[in-house]
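Let me begin by presenting the structure, written as structure tokens, before commenting on it.
Naming convention: chains lettered A, B, ... in sequence-line order (proteins, then strands); numbering from 1 in each chain.
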Amino acid sequence: MAKTPQAIRGTQDIFGADAEAFAFVVEAFERVRKLYRFRRVEMPVFEKTEVFSRAIGETTDVVSKEMYSFGDRGGESLTLRPEFTAGIARAFLSNGWQQHAPVKLATHGPLFRYERPQKGRYRQFHQIDAEIIGAGEPQADVELLAMADQLLKELGITGVTLHLNTLGDGDSREAWRAALVEYFLGVKDELSEDSQERLEKNPLRILDSKDRRDRAFVADAPKIDQFLSDDARAFFGAVTSGLDAAGVKWQRAESLVRGLDYYRHTAFEFIPDEGSEAAGKLGSQSTILGGGRYDGLMESLGGAPTPAVGWAAGIERLAMLVGDRAEPNADAIVVVENDGAMDAAIAALGTLRRGGLTAELFASGSPRKRFDKAVKAGAEAIVAFDLRDGAPARRIKADEAATARLEALLGRS
RNA sequence: GCGAUCGUAGCUCAGUUGGUUAGAGCGCCGGUUUGUGGUACCGGAGGUCGCGGGUUCGAACCCCGUCGAUCGCCCCA
């Protein structure tokens with residue numbers, strides 16, 4: 001026999017209860033997104049490589065070592081999207097969506113990153129995504145976060161807190177960054193190896209290092225608040241008071257930074273509370289929803305300065321938190337206990353389905369065992385067909401309400 | 001890219017210091033029993049023990065390599 005090819009590392013075949021949980025997340029997102037009047041957008045799964053390298057930042061890990069890039073037949077370098085935001089920004093610019101600005105957009109689908117898979121992290125993974133483009137006011141941040149908060153509540157996810165920070169405007173962020181570099185340079189030899197490297201590449205990231213050696217210094221590191229311009233401080237104040245007004249609980253996280261170059265002002269993540277059930281289910285992949293403001297992104301793609309905020313959440317991670325979602329039982333299972341009654345059963349099956357009932361046919365294997373299999377499979381009703389005096393006869397096993405509903409469709413026997 | 005753990009039936013797993021023909025439960029298929037029902041019993045199919053090499057009289061078991069999975073580091077949703 002020919003050998004079965006293996007699935008690609010880090011891809012998943014999702015089935016059964018896991019697939020139901022996945023669908024549950026997407027359905028809730030679609031519902032909430034409509035409540036908040038976010039408009040649905042469908043995006044290409046791949047783009048020219050430069051869309052991502054310019055938007056996300058050449059030096060980030062995502063671009064430098066995690067992209068699925070390939071040359072097409074014309075020699076163009078293309079990349080499977082590692083995130084939504086860059087592609088949406090490109091679409092906004094190339095389609096002239098400025099005319100709709102401010103525009104609230106929502107989408108979901110697969111993303112690709114060449115990483116080592118582990119719990120809650122895959123090479124092909126799936127996100128839901130929400131963006132508000134062309135809105136520079138803090139109310140947009142509030143709107144976006146209120147939507148995220150409501151979504152998590154509707155999913156029944158508890159033990160998760162919104163961690164909120166500001167990175168200030170471009171100047172604030174640069175000043176803070178310079179101060180951090182200077183501070184950490186002074187204690188460089190005592191930092192972990194990873195953080196010594198981060199000092200060169202991404203000094204902000206030292207702040208959320210997990211290494212104990214770094215932690216001691218992080219506590220005394222310069223705080224963004226010292227470097228905020230008046231405007232930036234006022235902006236953040238408006239976001240937090242807006243969240244309070246909207247009833248969204250949040251917690252200040254001074255060392256929360258986001259990995260990608262384009263973030264400004266608001267940065268946030270929803271993270272499970274330490275020791276919570278949610279934290280246990282997620283393993284070490286703790287962020288379930290993250291995002292922020294990216295006012296500089298459009299310029300990096302050659303567009304006019306355009307303020308924007310957005311977030312994305314991993315569907316797999318959310319699905320792990322919503323618990324098992326059993327596949328629903330059929331409204332009716334039609335059992336053929338004698339093949340002579342097959343046609344009558346098939347006819348009844350069609351009638352039930354046209355009447356809006358979910359229905360399935362059990363007509364294979366030993367006729368004597370089919371009924372037991374139906375009982376075991378579980379259904380609101382079992383409609384059994386047999387031959388009585390040579391003619392097809394029907395018997396319904398269900399409670400009164402279900403029996404009445406079936407008889408209304410099938411007629412009384 | 002680095003580290004740890006693990007690969008035995010469709011699934012979950014047992015398999016004694018290395019010793020005859022590798023097992024169980026569930027599931028699947030068939031039969032018997034029951035006969036307005038989720039029962040019980042009997043039988044059957046299904047395994048190159050991830051793959052390759054080595055040690056040994058003899059390897060599922062020990063050693064090396066390789067592939068894969070899981071979890072962690074880095075990074076991130």
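Rounded to whole Å, the P atom of G43(B) lies 11 Å from the corresponding atom of G25(B). Between the P atoms of G18(B) and A60(B), the separation comes to 13 Å (whole Å).
Using a 4.0 Å heavy-atom distance criterion, Arg370(A) is classed as making no nucleic acid contact. Base engagement by Tyr122(A) is indicated by at least one non-hydrogen atom pair under 4.0 Å involving a base atom. Residue Gln6(A) is in sugar-phosphate contact alone, with no base atom involved, counting any heavy-atom pair closer than 4.0 Å across all strands shown. Within the 4.0 angstrom heavy-atom criterion, base atoms lie near Gly120(A). Among the protein residues, Arg121(A) comes within range of the nucleic acid bases, having at least one heavy atom under 4.0 Å from a base atom. Heavy atoms of Glu193(A) sit nowhere under 4.0 angstrom from any nucleic acid atom.
Ring geometry, Phe70(A) versus Phe46(A): the interplanar angle falls under 30°, so the pair is classed parallel (tilted spans 30 to 60°).
Shown here is Glu197(A), whose CD atom has no more than 12 heavy atoms of other residues, nucleotides or ligands within 6.0 Å.
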Along nucleotides 27-32 of chain B, 5' to 3', which nucleotides get a B, which get an S, and which get a -, given that the test is a protein heavy-atom distance under 4.0 Å?
-> S-SBBS
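You'll find the ring centres of Tyr294(A) and Tyr263(A) outside the 6.0 Å limit.
Among the nucleotides U36(B), C74(B), A77(B), the one closest to any side-chain atom of Gln118(A) is C74(B).
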